[in-house]
Amino acid sequence: MPEGPSILIAKAQMTEFIGHKVITAAGNAKIDIPRLENKKLEDIKTWGKHLLLCFDGFTIRIHFLLFGTYRINETKEAKLRLGLTFATGAINIYTASVKVLEGNVNSYYDWSADVMQEEWDEKSALKKLSNKPNMLICDALLEQDIFSGVGNIIKNEVLYRVYVHPESITGQIPPDKLRQIAEEARVYSFDFLRWKNEGTLKKHWLAHTKKICKRCDLPMHKHYTGTKKRRSFFCTNCQKLYI
DNA sequence: AGTCATGTTGACGA
DNA sequence: CTCGTCAACATGAC
């Protein structure tokens, strides 16, 4: 559920409610839920892993974390975190972080940091990377202020695709290779989106959860890397370590 | 059936 | 104050 492309899919499934009025709002989210009733859903935006339900004067920020789910026009056996009922159907959200952003949503987000946004600015990301020369690339790719929307699967697939070892030190990676990483973060995110929509995402994984390297047949390594200690799957034969 | 994970925040202690 | 570690959240895949 949680990586950027999945949030775009969620948005697509909810757009039918844009322009419609919330009839009833319910759930155990720690926000002022009655406030939503009789308000028109003005727009739905995303920023990386954030799903943004925009109303006049405020925005509901949904973050699905690891376990979050949602249902459209149906419910599931779980405690409802936030449910919005419209005349034509409903959005039901479970196990997510729900917050209210007051005022203009644009003041909260740098849209150019989101790898899936039209406004994505690769040069800006590379500049931010150059300010963190000591950070390992496996950590840098997960920095939401630099690569908003990139999660652990995308991290592993991107680094495998561009032949870079996850424990490479950012400042030691040649500029053109860093540029490839940033470019691939966006390209793979859209591949992820397409494959997830087709239901073939896992089938297309080259590195994530793999035990054997598809390129050289040697065993893949699985380590919890970086200060973030997230799983990395990599081939030490095919992926170069820059240190 | 137990383990682990596509994520983030906050508390606490060193 | 900063850093590291842990707990919390609480579901579904294997």
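Throughout, protein chains are lettered first and strands after them, A, B, ... in sequence-line order, and every chain is numbered starting at 1. Being a predicted model, the structure only gives us computed values, none of them experimental. Quick note: numbers below take in every heavy atom, side chains included, and nothing from hydrogens, waters or symmetry partners.
- Where DNA chain B meets chain A (any atom under 4.0 Å from a heavy atom), the bounding nucleotides read 5' to 3' are B:dA5 to B:dT8.
- A search for ring-ring contact (aromatic ring centres under 6.0 Å, His included) contacts involving A:Phe192 returns nothing, not counting sequence neighbours.
- Residue contacts shown for A:Lys30 are absent, as no nucleic acid heavy atom lies under 4.0 Å away.
- A:Lys155 and A:Asn152 form a side-chain donor-acceptor contact under 3.5 Å, judged by distance and modelled atom types alone.
- Under the rule for a side-chain hydrogen bond (donor to acceptor under 3.5 Å, both in side chains), A:Glu119 has no partner lying at least two apart in sequence or in another chain.
- A donor atom on one side chain and an acceptor atom on the other are found under 3.5 Å apart for A:Arg61 and A:Ser97.
- Residues from residues 90-107 of chain A placing a heavy atom under 4.0 Å of any atom in DNA chain B do not occur.
- Donor-acceptor pairing under 3.5 Å is recorded for the side chains of A:Tyr70 and A:Gln13.
- Contact annotation: A:Lys76 side-chain N/O to C:dG12 OP1/OP2 distance is under 4.0 Å.
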* Asked: Dot-bracket, DNA chain B: Watson-Crick or G-U, under 3.5 angstrom, [ ] crossing, | other strand?
  -> .||||.||||||||
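- For A:Trp47, there are no side-chain hydrogen bond (donor to acceptor under 3.5 Å, both in side chains) partners, not counting sequence neighbours.
- Atom-to-atom, CG of A:Asp139 to P of C:dG4 comes out at 11 Å; the value is rounded to the nearest Å.
- Screening residues 75-84 of chain A for side chain to side chain donor-acceptor pair (under 3.5 Å) gives A:Asn28-A:Arg81, A:Thr69-A:Lys76 as the qualifying pairs, with residues at least two apart or on separate chains.
- Counting any heavy atom pair closer than 4.0 Å across all strands shown, A:Lys79 reaches no nucleic acid atom.
- A heavy atom lying under 4.0 Å from DNA chain B marks the following residues of residues 65-74 of chain A, by number: A:Leu65, A:Leu66, A:Phe67.
- Within the 4.5 Å cutoff, side-chain heavy atoms of A:Asp191 are placed close to those of A:Arg194.
- Here A:Lys228 lies out of heavy-atom contact (under 4.0 Å) with every strand.
- To the nearest whole angstrom, the two P atoms, one in B:dT3 and one in C:dA7, are 16 Å apart.
- When the side-chain hydrogen bond (donor to acceptor under 3.5 Å, both in side chains) test is applied to A:Gln117, the partners found at least two apart in sequence or on another chain are A:Asp114.
- Partners of A:His208 by ring-ring contact (aromatic ring centres under 6.0 Å, His included), not counting sequence neighbours, listed by chain and number: A:Trp205, A:Phe233.
- Applying the side-chain hydrogen bond (donor to acceptor under 3.5 Å, both in side chains) criterion to A:Asp110, with sequence neighbours excluded, gives A:Ser112.
- Less than 4.0 Å separates DNA chain C from at least one heavy atom of each of the following residues of residues 195-206 of chain A: A:Lys202.
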